[in-house]
Q: 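What follows is a single structure, and I will ask about it in a moment.
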Amino acid sequence: MAMRLLGVPDASGKPTIWINADHLVSVQSVIRTGAHAIELSAELKVDGMPLLRINLGELPDRQAADAAFETFLSRLQS
């Protein structure tokens, strides 16, 4: 059986780390409200590794943050 690697993209869309898809346990959005923007990150739990946080950028509002997280999930699944 071949190993399937997932490229985990950051705010620029480029993968910052590649992980074995079989070891990805969970993915969660983390939204922090700043003075002028919303900061979006994704927390990934990979089996055998500490919690990994990927910066997905600053966005103007919650709706844009939700859309950006959906795009992030789509990239993981493709």
Side-chain angles (χ1 to χ4, degrees):
M1 179 189 232
M3 178 173 43
R4 182 172 162 249
L5 293 176
L6 294 174
V8 180
D10 64 5
S12 72
K14 295 180 182 177
T16 57
I17 187 171
W18 293 83
I19 60 172
N20 183 331
D22 293 335
H23 296 279
L24 182 61
V25 176
S26 66
V27 179
Q28 177 178 333
S29 67
V30 177
I31 296 176
R32 293 180 301 206
T33 304
H36 302 288
I38 291 183
E39 298 174 18
L40 176 64
S41 300
E43 283 188 348
L44 285 77
K45 179 59 184 140
V46 179
D47 196 27
M49 291 179 62
L51 197 61
L52 176 66
R53 185 172 282 188
I54 305 293
N55 177 22
L56 299 179
E58 290 187 356
L59 299 139
D61 56 36
R62 178 63 189 249
Q63 185 176 7
D66 289 342
F69 187 70
E70 289 297 323
T71 299
F72 172 79
L73 289 177
S74 294
R75 288 183 183 151
L76 280 183
Q77 295 174 11
S78 61

Q: Taking all heavy atoms of R75 and all of G13, pick out the closest pair and write down the distance.
A: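 Residues R75 and G13, closest heavy atoms: NH1-CA, 3.6 Å.
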
Q: Using salt bridge (Lys or Arg N to Asp or Glu O under 4.0 Å) as the criterion, list what pairs up with E39, not counting sequence neighbours.
A: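 Partners of E39 under the salt bridge (Lys or Arg N to Asp or Glu O under 4.0 Å) test: R32.
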
Q: Can you confirm whether I31 sits close enough to F69 that some side-chain heavy atom of one is under 4.5 Å from a side-chain heavy atom of the other?
A: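 Side chain of I31 against side chain of F69, heavy atoms only: no contact under 4.5 Å found.
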
Q: Are side-chain heavy atoms of S29 and L40 found at a separation under 4.5 Å?
A: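 Touching, per the 4.5 Å side-chain cut-off.
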
Q: Taking distance alone, no hydrogens or angles, what donor-acceptor pairs closer than 3.5 Å link side-chain atoms of residues 42-55 to residues at least two apart or in another chain?
A:
unit_1: E43; atom_1: OE2; unit_2: R53; atom_2: NE; d: 3.2
unit_1: E43; atom_1: OE2; unit_2: R53; atom_2: NH2; d: 2.3
unit_1: K45; atom_1: NZ; unit_2: M49; atom_2: O; d: 2.3
unit_1: N55; atom_1: OD1; unit_2: G57; atom_2: N; d: 2.9

Q: Is V30 reachable from L24 through a run of hydrophobic residues whose side-chain heavy atoms are each under 4.5 Å from the next?
A: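 Different hydrophobic clusters.
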
Q: Which residues satisfy the salt bridge (Lys or Arg N to Asp or Glu O under 4.0 Å) test with D61, sequence neighbours excluded?
A: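 Partners of D61 under the salt bridge (Lys or Arg N to Asp or Glu O under 4.0 Å) test: none.
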
Q: Quick one: do V8 and W18 satisfy side-chain contact (heavy atoms from CB on, under 4.5 Å)? Show the steps, please.
A: CA-CA 6 Å; V8 180; W18 293 83; over 6 Å; no

Q: Not counting sequence neighbours, which residues clear side chain to side chain contact (heavy atoms under 4.5 Å, CB included) with A21? List them please.
A: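 Counting only residues at least two positions away or on another chain, A21 forms a side chain to side chain contact (heavy atoms under 4.5 Å, CB included) with R4, L6.
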
Q: May I have all residue pairs that pass salt bridge (Lys or Arg N to Asp or Glu O under 4.0 Å) and include part of residues 7-17, sequence neighbours excluded?
A: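 Counting only pairs at least two positions apart or across chains, no salt bridge (Lys or Arg N to Asp or Glu O under 4.0 Å) contact touches residues 7-17.
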
Q: Closest approach of G7 and P9, non-hydrogen atoms and distance?
A: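 Looking at all heavy atoms of both residues, the closest pair is O-CD, 3.2 Å.
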
